[in-house]
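Structure record follows, encoded as C-alpha cells.
Convention: sequence-line order gives letters A, B, ...; per-chain numbering from 1.
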Amino acid sequence: MSENLLIVNGNELISDAFYKTPAFTNSEGVFVNGVYGGIFKLISILKTSEYKALSISFSEECGNERLKPQILKFKEIIEAKGQGEIPVTKELLESLENALKDLSPSGEVKGASFDMTLKVTSDLNEVEALFETKSDRAAFYFLTDIGDFLGLGISFDGSNVTYIPVENFITADYLGKKLSILSERMSLCSFDIKESYKYFEPSEFANRTYGYKDEDVSGNKCFDVLIGAYLINPLKNDYEPWDVAKEYLKLTLPKRADLFGKEPLANADIKVLSEYASKIAYICFNAEPLIRAKLAKTGMERLMYNIEMPLSYILYSMEKEGIIVKRDELKAYGDKLLVRIDELEKAIYEAAGIEFNINSPKQLGEILFEKLGLPAEKKTKSGYSTAADVLEKLAPEHKIVADILEYRGLTKLKSTYADGLAAYIADDNRIHTSFNQTITATGRISSTEPNLQNIPMRTELGRLIRKVFVPKDGYVFADADYSQIELRILAHMSEDKGLIEAYHEGKDIHRITASKVFHVPFEEVTSLQRRNAKAVNFGIVYGISAFGLSQDLSISAHEAKEYMEKYFETYPGVKKYQEDVIASTKAKGYSETMFGRRRPVPELKASNFNLRQFGERVAMNAPIQGTAADIMKIAMIDVFFKLKELSLKSKLILQIHDELVIETAPDEVDTVTKLLVEEMEKAVTLSVPMEVDCHIGSDWYEAK
DNA sequence: CGATCACGC
DNA sequence: GCGTGATCG
C-alpha cells in the first residue's frame with residue numbers, strides 16, 4: 001500500500017522549484033515560476049513511476065513573502081483535484097499539464113530549470129539494464145562526427161541522462177539494435193532523427209506496408225524535435241538543439257562550435273562530449289511534450305505524425321540509395337565545355353580589346369557600358385546590371401554580348417555541374433545528396449551537397465548532363481511528374497468555375513486560357529498568345545506583380561497590367577481568392593495550406609510599402625506551393641510503402657518538387673509505372689483531375 | 001560575407 | 001514565389 005502512495009510536502013516542492021526556476025510571470029503578471037516548476041517535477045515523477053495515488057501536505061508557515069502566494073496557488077490547483085489521497089489517473093496528468101499551460105505567459109508550456117543528472121557508462125550489464133527501464137517514452141541523441149559514431153545520450157525521464165560511449169562490446173550497431181528494440185515498446189524522440197536511421201530502424205517503419213493514412217495509426221511513434229519546431233516556425237533558417245532549448249525551455253546552453261571549435265570530436269574530452277550529447281537528449285525529452293502540445297493547438301498533428309515523420313525515414317532511404325553518376329562521361333562533358341569556353345574567352349578579349357575577368361560583373365559592366373559604350377538600361381546597388389535579360393536586349397548592339405551570354409552559361413555548367421558534381425561521386429560511384437526537410441518556408445524539401453533539384457533542363461546542352469545519371473546495371477529510370485500541379489491547386493483552392501472547367505476539358509490549359517483571355521476560338525490561338533497566357537498563369541501561381549510579369553514578357557508595365565486585368569475577368573474566382581487569402585493571412589498572421597501547414601507572413605503588417613507588397617505575394621503563393629509540397633509528400637509515402645508492400649527491388653531515389661525518380665528493375669517496369677501514376681494521382685482528390693506523366697529511360701535524360 | 005548571377009520547380 | 005551554389009570584391 002505505502003509503495004503505491006506518493007507523499008509530497010507541497011511547501012518543499014514549490015520552494016525547491018522556486019529557487020531552481022528562473023523567475024517568470026503568467027499572462028496576468030503574477031510570478032508563477034515556483035508553481036510551474038513544482039507541477040512540472042510532479043508530472044515527471046508520476047509519469048516515470050507507478051504510484052497509484054498522490055497525497056500532498058501543506059503547512060501554514062512560510063518565511064518568504066514572494067514564495068507564499070505561489071504555494072497557495074499550488075494548493076488551490078491541487079485541492080481542485082481532490083482531497084487527501086488523489087488517485088493517479090490519466091485525467092489527473094492531463095489536468096496537471098493543462099495547469100502548466102495556463103501558468104505560462106504565452107500559453108505555451110515551458111520546461112523547468114536545467115536539472116540533469118548525468119551518468120557515463122559503457123559497462124555492458126549497466127547498459128543492458130538501462131534499456132530495460134520502464135517508461136512510455138525516451139529521448140536520445142546519437143553523437144556523430146564526420147561519419148563516426150562516438151556515443152549515445154539517452155534519457156527515460158527527462159532528468160537522468162546516460163551517456164554511453166562507443167567502445168569494446170558497445171558498438172554503434174549494438175546501440176542501434178537496442179534502440180530499434182526499444183522503439184517497439186515506447187516512443188522515441190531525437191533531434192534531426194534522419195541522421196539516426198543509419199543505426200536504428202524504428203519499429204513503426206520496419207514492416208510498414210501501408211501508405212499515407214488520414215487518421216493517426218496507434219502505436220509507438222518516433223518524434224523529431226527539429227521537425228516539430230520547424231513546422232511551428234518554418235521561417236527560422238537553421239534550428240540547432242540550442243535554439244529549441246531557448247525557445248521552448250528557456251535554457252541557454254553553449255553551441256557545438258563553442259564547445260569544440262573545429263576540432264574533431266574524437267579528440268575532445270569525454271566529459272565535454274558526454275555532457276554535449278546528454279544535454280541534447282535532455283532538451284529533446286523536455287521539449288517534446290511542449291512541441292506536441294503546440295502542434296495539437298495549431299492543428300498540425302496530421303502534418304507532423306502522418307506526413308513529416310514517415311517522410312524523414314523515406315528521405316533517409318533515398319539519400320542512402322543515391323544515384324549512379326558516370327565519372328568518366330562527366331569529365332568528358334566538362335572537357336567538351338572547356339574547349340568552347342576557351343574559344344569564347346579569346347573572342348571576348350578580342351572584341352573588348354583587353355583581357356579582363358568575365359566572371360566579374362563589375363569588370364564586365366565597365367567593359368560593356370563604358371569602354372564599348374553600350375546603352376546601360378538597368379542598374380544594381382553596386383553598378384551596372386549585366387543580368388541575362390539585360391544582355392539579351394543588348395545582343396543586336398554588339399557581337400561580344402552573345403559570346404558573353406554563352407560564356408556565362410557554359411562556365412555555369414562547368415563549375416556547378418561538371419566539376420561540382422564530380423566532387424560528390426562516392427566510392428560506390430553514386431552521389432548521395434542530402435534532402436533537407438526543415439529549411440524552406442513553404443514546406444518544400446531542399447537538396448544540398450550537391451543540389452540534385454536544379455540539374456539543367458531548359459537548354460539542350462545543359463540537359464545533356466542528365467545522360468551521366470544512370471540506373472544500375474540492367475535497371476531503368478521511371479520518372480513521373482505532376483502536370484501543372486500548382487495551377488491545379490489554384491483552381492481547386494480558388495474554386496474558380498472557369499479554371500476548374502478548363503481542367504476538366506483536358507485540353508492544353510495555356511491555350512484555353514489564351515482563348516478565353518483574348519476572346520479567340522481555341523484553334524485560332526497564336527503561339528504568341530499562348531506564350532503570354534502561359535506567362536500569366538505562371539505569374540499568378542507565383543503571385544507576381546504586373547511589374548514582374550512585364551519583366552518576364554519584356555513588355556511595358558501598362559501592358560502587363562492589362563493582361564492581368566483580362567486574366568482576372570476570365571477567372572474572377574482567382575482574383576477573389578487572392579484577395580481573401582491576403583485578408584485572412586493579414587488577420588491571422590500566417591497563411592495555411594490545405595493540410596494546415598502554416599507560413600507566418602509578418603511582412604503584411606510592415607509599414608514599408610514594398611515589404612508589404614512582398615508579403616501579399618508570399619501570402620498568395622505559400623498556400624499553393626505549400627499544398628503542392630504536402631501532396632507530393634503524401635505521394636512519396638504512398639509510393640515508398642507500396643514498393644515495400646509489393647517487395648519490389650525498385651527504389652525511390654529522387655524528388656524534384658513535382659517529380660519522382662525510381663531506379664526500376666527491368667521486370668518491374670510495368671508495375672512501377674502503374675504504381676507511380678496511380679499513387680501520385682490519388683494522393684489527394686481535388687475538384688480538378690490530377691495528371692501524372694511517367695517516362696522510362698536508360699538514363700535521366702531519356703526518362704524526362 | 002553580402003551581392004550578383006544562373007540553374008531548377 | 002521557393003530554393004543551392006559559384007564567384008567576386
Side-chain angles (χ1 to χ4, degrees), chain A residues 234-235 237 356-366 378-392 404-421 423-424 433-459 461-463 465-466 479 481-487 489-490 537-545 548-549 551-552 578 581 591 593 597 599 601 603 613-629 631-632 654-660 700 704:
Chain A
L235 293 189
N237 10 23
F356 66 103
N357 189 344
I358 312 167
N359 292 318
S360 161
K362 185 169 176 288
Q363 292 183 36
L364 182 61
E366 284 162 9
K378 225 166 54 176
K379 291 209 111 192
T380 64
K381 284 174 195 169
S382 43
Y384 308 106
S385 170
T386 65
D389 57 329
V390 175
L391 296 191
E392 268 156 31
I404 289 167
L405 281 166
E406 190 182 353
Y407 177 91
R408 278 254 181 88
L410 295 191
T411 50
K412 171 74 180 178
L413 292 177
K414 178 84 164 67
S415 64
T416 304
Y417 300 105
D419 300 346
L421 288 174
Y424 289 101
T433 184
S434 295
F435 286 110
N436 204 314
Q437 203 177 347
T438 57
I439 292 287
T440 69
T442 52
R444 273 191 178 177
I445 292 163
S446 80
S447 158
T448 54
E449 295 181 307
N451 182 355
L452 293 185
Q453 292 181 322
N454 73 342
I455 304 301
M457 179 69 184
R458 210 182 70 257
T459 68
L461 182 61
R463 198 170 177 163
I465 295 187
R466 292 175 177 240
D479 186 310
D481 69 302
Y482 281 108
S483 157
Q484 297 145 358
I485 186 169
E486 294 185 337
L487 204 51
I489 290 167
L490 176 68
N537 274 331
F538 222 74
I540 293 290
V541 165
Y542 289 168
I544 63 168
S545 56
L549 183 66
Q551 296 288 301
D552 271 11
Q578 292 193 336
V581 90
S591 71
T593 69
R597 184 188 302 274
R599 150 103 201 229
V601 190
E603 294 88 351
Q613 291 286 111
F614 173 76
E616 292 190 358
R617 294 197 288 276
V618 162
M620 292 186 279
N621 170 255
I624 308 284
Q625 191 181 118
T627 300
I631 292 172
M632 180 50 111
L654 290 180
Q655 188 254 40
I656 307 99
H657 309 306
D658 65 351
E659 169 189 358
L660 292 179
W700 199 7
K704 248 323 240 179

All side-chain hydrogen bond (donor to acceptor under 3.5 Å, both in side chains) counterparts of [X], not counting sequence neighbours:
X      : result
A/N436 : A/T438
A/Q484 : A/Y503
A/N357 : none

**Study point:** Counterpart residues, ring-ring contact (aromatic ring centres under 6.0 Å, His included), relative to A/F538 (two or more places apart)
**Key:** A/Y542
Over all strands shown, is [X] touching base, sugar-phosphate only, or nothing at heavy-atom distances under 4.0 angstrom?
X      : result
A/F614 : sugar-phosphate
A/A388 : sugar-phosphate
A/I439 : sugar-phosphate
A/D481 : nothing
A/R444 : base
A/R599 : sugar-phosphate
A/A441 : sugar-phosphate
A/T411 : nothing

Study note, to complete from the structure: DNA chain C: first to last nucleotide in contact with chain A (atom under 4.0 angstrom from a heavy atom), 5' to 3', is C/dG1 to C/dG9
Side chains of residues 613-620 of chain A: which donor-acceptor partners sit under 3.5 Å, not counting sequence neighbours?
none

Practice item. Show the numbers, then the answer: is there a side chain to side chain contact (heavy atoms under 4.5 Å, CB included) between A/K378 and A/Q551? Key: CA-CA 12 Å; A/K378 225 166 54 176; A/Q551 296 288 301; 4.0 Å; yes
Who are the side chain to side chain contact (heavy atoms under 4.5 Å, CB included) partners of [X], not counting sequence neighbours?
X      : value
A/N537 : A/L487, A/H510, A/T513, A/Y567
A/S415 : none
A/A629 : A/R444
A/T433 : A/F435, A/S447, A/P450, A/L452

**Study point:** Pair A/I485-A/H657, side chain to side chain contact (heavy atoms under 4.5 Å, CB included): steps then yes or no
**Key:** CA-CA 10 Å; A/I485 186 169; A/H657 309 306; over 6 Å; no
Practice item. Under 4.0 Å from any atom of DNA chain C, heavy atoms only: list the residues of residues 449-456 of chain A that qualify, in numerical order. Key: A/E449, A/N451, A/N454
Check your understanding: Mind checking which nucleotides bracket the chain A contacts on DNA chain B, 5' to 3', with an atom under 4.0 Å from a heavy atom?
Key -> B/dA3 to B/dC9
